[in-house]
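This is a predicted model, so every value here is computed, not measured. In listed order, ligands and their atoms are each counted from 1. Numbers for residues simply follow the sequence, beginning at 1. We use all heavy atoms of the structure for the numbers below, so side chains are in, but hydrogens, waters and symmetry mates are not.
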Amino acid sequence: MTTEQTYVIVGAGLAGAKAAQSLREEGFDGRITVVGAETERPYERPPLSKGYLLGKEEQAKVYVHDEAWYREHSVELISGSQVTDLDRGSRRLELDGGGQLGYDRLLLATGASPRRLDVPGADLEGVHYLRSLGDSQRLREAIKGGGRVVVVGAGWIGLETAAAAREYGCEVTVVEPRPVPLQAALGPEMGGFFADLHRAHGVDLRLGRQVTGLIGDGHVRAVATDDGQEVAADVVVVGVGVRPNAELAVLSGLPVDNGVLVDASLRTEDPDVYAAGDVANAFNPLYGTRVRVEHWANALNGGLAAGKAMLGQEVVYDRPPYFFSDQYDVGMEFSGWFEPGGYDSLVVRGDREEKAFYAFWLDGGRVVAGMHVNLWDDGIGPVQNLIRAGVPVDAERLADPDVALEDLAKS
Ligand SMILES: Cc1cc2nc3c(=O)[nH]c(=O)nc-3n(C[C@H](O)[C@H](O)[C@H](O)COP(=O)(O)OP(=O)(O)OC[C@H]3O[C@@H](n4cnc5c(N)ncnc54)[C@H](O)[C@@H]3O)c2cc1C
C-alpha cells in the first residue's frame with residue numbers, strides 16, 4: 001500500500017501510541033502524526049501509583065515505545081503541544097503554538113483528567129493529584145520521608161496511593177463518602193475486602209464521610225470532614241475520579257455523552273474521526289450498550305483496534321473491561337462490567353482470609369464480572385470465558401474449587 005494520506009492521532013498516551021503502532025503493523029505507509037500535550041513521549045500510567053511511586057520501577061520502564069521506535073517507524077511525534085480546535089469541515093486541527101495540521105483520518109485519544117476537589121482550601125500547597133509522571137515524582141518526594149497523608153477518595157488511585165504511603169511509613173487516613181471503598185466498582189462485599197485489607201495495614205478509613213474543606217495557611221495542615229472532625233495532614237492526595245477530555249469533539253459538533261460517542265468499530269458519526277481509550281464511550285456488543293472504560297487494557301487494545309478500523313478493516317471491539325491492581329501483598333485482576341448495584345448475587349471460590357480467591361458477580365444466574373486475588377496460575381482467562389459464554393451457572397459448583405471453571409463455561 002502506498003498512500004499520500006495523513007493520519008493524525010491527538011493524545012500521546014497509551015491508546016494513541018498503540019494506534020500508531022497498529023497503523024504501521026497493518027501496513028499503512030502514509031504519514032502518521034501523534035500530537036501530545038505532555039512533554040514526555042507516550043508512557044503507561046499504572047506504575048505511577050505503584051512501583052514508580054515507590055521508587056522500585058525505573059522511569060525507562062514506563063514508556064510504551066523506546067525513543068528510536070518513532071524514528072524507525074516514521075511516526076512523527078509532536079510533544080508538548082495542545083490541540084485547541086478541530087474543524088471537521090476543512091479537516092484541520094489547530095495547535096496551541098499557532099500551527100495547523102491537516103488530516104485525512106483522525107483519532108481522538110485524549111484520555112481523561114482528574115476531577116478537582118471543589119471545597120475551600122483545595123488550592124493549598126501540599127494538595128496532590130495523580131495522573132502524570134510529574135505528579136508521581138512530586139508525590140514521591142512528598143511522602144518518601146513519612147508524615148501524615150490524607151487520601152480523599154477510596155477508589156483505585158486513592159487506595160493504591162494509600163498502600164504506597166503506608167509502605168513509606170506514613171500515617172494514612174482515607175476519607176470516602178460511600179460506606180465501603182470501591183463501592184461503585186465492586187459493590188459492598190468486595191469493597192469490604194479492601195476495607196479490611198487497608199485496616200490491617202494500619203490505614204484509618206473514614207467511611208461515609210465527606211471532605212468539607214482543607215485547612216492551612218499557604219500549606220495544607222488539616223482536612224475537615226462533615227462530622228466536624230479535622231484530620232491533621234502534611235500531604236493530601238485527591239483521587240475522586242476522572243472526566244473524559246472530550247473538548248475537541250464538543251467543539252467540532254460530534255456527539256458527546258460521558259465521552260466521545262463511538263460505535264463498536266470506535267468510529268464517531270464522522271466516518272473520518274475515531275476515538276479510543278479513556279475518552280471513548282464505545283458501544284460494546286457484548287453488553288448491548290455503551291461503556292466508557294478508564295483502564296489500561298482498554299487503552300492498549302482499543303488503540304490497536306482503532307488503528308485497524310481507521311484503515312477500513314472490519315473491527316468489532318467487544319472485549320469485557322479488564323483491570324488490575326496491586327496493593328500491599330494483594331495482586332488482583334478484575335474483568336467484566338455491571339452498572340453500580342447491577343448484580344443480584346456474589347459467589348466466592350477459595351479463601352478470602354488467606355487472600356487467595358475468586359469472586360464472581362452474577363445477574364440472573366449468569367456471570368457478569370469476576371475477579372481473582374493472588375491466583376495467578378489460571379488468572380483472569382477463565383473468568384472472561386465465563387462472561388463470554390453467558391450461560392447460567394450453578395452457584396454451588398461455581399464456589400467449588402474442585403470444579404473447573406472451563407466446565408462451567410460449557411454448562
Ligand atoms: C496513577 C494511575 C494508575 C493507574 N493504574 C491502573 C491500573 O493499575 N490498571 C488499569 O487498568 N488502569 C490503570 N490506570 C488507568 C490507565 O492508566 C488509563 O486507563 C490509561 O492511561 C488511558 O490511556 P489513554 O491513552 O486513553 O489516555 P491518557 O493516558 O490520559 O493519555 C491521553 C493523553 O492525551 C493528552 N491530551 C489530552 N488532550 C489533548 C489535546 N487537546 N491535545 C494534545 N494532547 C492532549 C493528555 O495530556 C495525555 O497525555 C491508572 C491511571 C493512573 C493515572
Side-chain angles (χ1 to χ4, degrees), residues 8-20 33-53 57 62 64 77-86 93-97 99 101 106-115 128-137 139-140 155-161 163-164 185 237-239 241-252 259-260 266 275-282 292-304 306 321-327 330-335 380:
V8 175
I9 297 167
V10 184
L14 179 58
K18 284 291 160 183
T33 304
V34 182
V35 193
E38 294 187 63
T39 49
E40 298 287 340
R41 69 179 185 275
Y43 57 88
E44 303 197 9
R45 299 184 196 274
L48 307 187
S49 51
K50 308 178 186 66
Y52 184 74
L53 181 60
E57 193 171 336
V62 306
V64 183
L77 180 61
I78 305 178
S79 299
S81 196
Q82 176 98 14
V83 175
T84 52
D85 201 7
L86 159 59
L93 297 163
E94 259 177 52
L95 277 58
D96 57 357
L101 266 180
L106 176 70
L107 175 67
L108 299 173
T110 45
S113 299
R115 287 184 196 282
H128 293 252
Y129 291 81
L130 183 50
R131 184 76 192 176
S132 67
L133 256 176
D135 293 340
S136 182
Q137 287 158 359
L139 183 58
R140 191 202 305 171
W156 296 111
I157 299 284
L159 292 189
E160 289 184 359
T161 305
V237 187
V238 182
V242 295
R243 52 157 199 84
N245 296 323
E247 293 83 357
L248 292 174
V250 173
L251 282 171
S252 67
V260 181
L266 305 180
D278 280 13
V279 76
N281 190 357
R292 191 173 69 77
V293 182
E294 297 166 354
H295 300 329
W296 168 88
N298 176 61
L300 189 150
N301 294 310
L304 292 173
Y322 164 89
F323 181 81
F324 64 93
S325 182
D326 298 314
Q327 298 168 38
V330 163
M332 57 76 74
E333 294 180 290
F334 171 95
S335 191
I380 204 72

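Considering backbone and side-chain atoms alike, V279 places every N or O at 3.5 Å or more from each N or O of ligand 1.
Judged purely by distance below 3.5 Å, without hydrogens or angles, the side chains of E38 and S132 never pair a donor atom with an acceptor atom. Residues E333 and S335 bring no donor and acceptor atom of their side chains to less than 3.5 Å of each other. Side-chain atoms of T84 and D96 include no donor-acceptor pair closer than 3.5 Å.
Looking only at heavy atoms of the protein, atom 3 (C) of ligand 1 is closest to S49 OG, 3.2 Å. Of the protein's non-hydrogen atoms, the one nearest atom 22 (C) of ligand 1 is D278 OD1, 3.2 Å. Protein heavy atom closest to atom 44 (N) of ligand 1, with residue, atom name and distance, is A37 N, 3.0 Å. Atom 36 (N) of ligand 1 has its closest protein heavy atom at T110 O, 3.9 Å. Nearest protein heavy-atom neighbour of atom 35 (C) of ligand 1: G11 CA, 3.9 Å. Protein heavy atom in closest approach to atom 52 (C) of ligand 1: I157 CD1, 3.5 Å. Annotation: atom 42 (N) of ligand 1 to nearest protein heavy atom, V83 N, 2.9 Å. At the top of the distance list for atom 27 (O) of ligand 1, counting protein heavy atoms only, stands G111 CA, 3.2 Å.
Taken from CD in E247 to CG in L86, the straight-line distance is 12.0 Å, to the nearest 0.5 Å. Rounded to the nearest 0.5 angstrom, L93 CG and L248 CG are separated by 7.5 Å.
Those atoms of ligand 1 that come under 4.0 Å of a heavy atom in V35, given as number and element, are 43 (C), 44 (N). Of all atoms in ligand 1, listed by their number and element, those nearer than 4.0 Å to a heavy atom of A15 are 25 (O), 26 (O). Below 4.0 Å from some heavy atom of E294 lie the following atoms of ligand 1, by number and element: 15 (C), 19 (O). Taking a cut-off of under 4.0 Å to the non-hydrogen atoms of L14, the atoms of ligand 1 that pass are 25 (O). Under a 4.0 Å criterion applied to the non-hydrogen atoms of A112, ligand 1 contributes the atoms 30 (O). Close approach of ligand 1 to L130 is summarised as follows: ligand atoms under 4.0 Å from at least one heavy atom of the residue are 1 (C), 53 (C). Atoms of ligand 1 lying under 4.0 Å from at least one heavy atom of V10, given by number and element, are 40 (C), 42 (N), 43 (C). Heavy-atom proximity to E38, at under 4.0 Å, picks out these atoms of ligand 1: 47 (O), 48 (C), 49 (O).
Relative orientation of the F324 and W296 rings is perpendicular, given thresholds of 30° and 60° on the angle between their planes.
For atom 30 (O) of ligand 1, the nearest non-hydrogen atom from the set E94, R131, K50 belongs to R131. When the heavy atoms of F334, W296, W156, Y43 are ranked by distance to atom 12 (N) of ligand 1, first place goes to W296. The option with the heavy atom closest to atom 4 (C) of ligand 1, from among P46, S136, A276, is P46. Proximity annotation for atom 17 (O) of ligand 1: of Q82, R45, H295, R45 comes nearest, heavy atoms only.
The shortest side-chain heavy-atom distance between L95 and Q82 does not fall under the 4.5 Å cut-off.
Taking the charged nitrogens against the carboxylate oxygens, D135 and R45 have no contact shorter than 4.0 Å, which rules out a salt bridge. With respect to K50 and E160, a salt bridge is recorded, a charged nitrogen being found less than 4.0 Å from a carboxylate O.
Without hydrogens or angle criteria, D85 side chain to E94 main chain gives no donor-acceptor distance under 3.5 Å. A distance-only check finds a donor-acceptor pair linking the side chain of Y43 to the backbone of L133 [under 3.5 Å]. Side chain of R243 to main chain of A112: no donor-acceptor pair is present (N/O by atom type, distance under 3.5 Å, no hydrogens or angles). Listed for the D326 side chain is no donor-acceptor partner under 3.5 Å among the backbone atoms of G331. Between the side chain of S81 and the backbone N or O of V35 there is no donor-acceptor pair closer than 3.5 Å.
Contact analysis puts S81 in contact with ligand 1, with a non-hydrogen atom separation below 4.0 angstrom.
Contact annotation: for S132 versus ligand 1, there are no heavy atoms closer than 4.0 Å.
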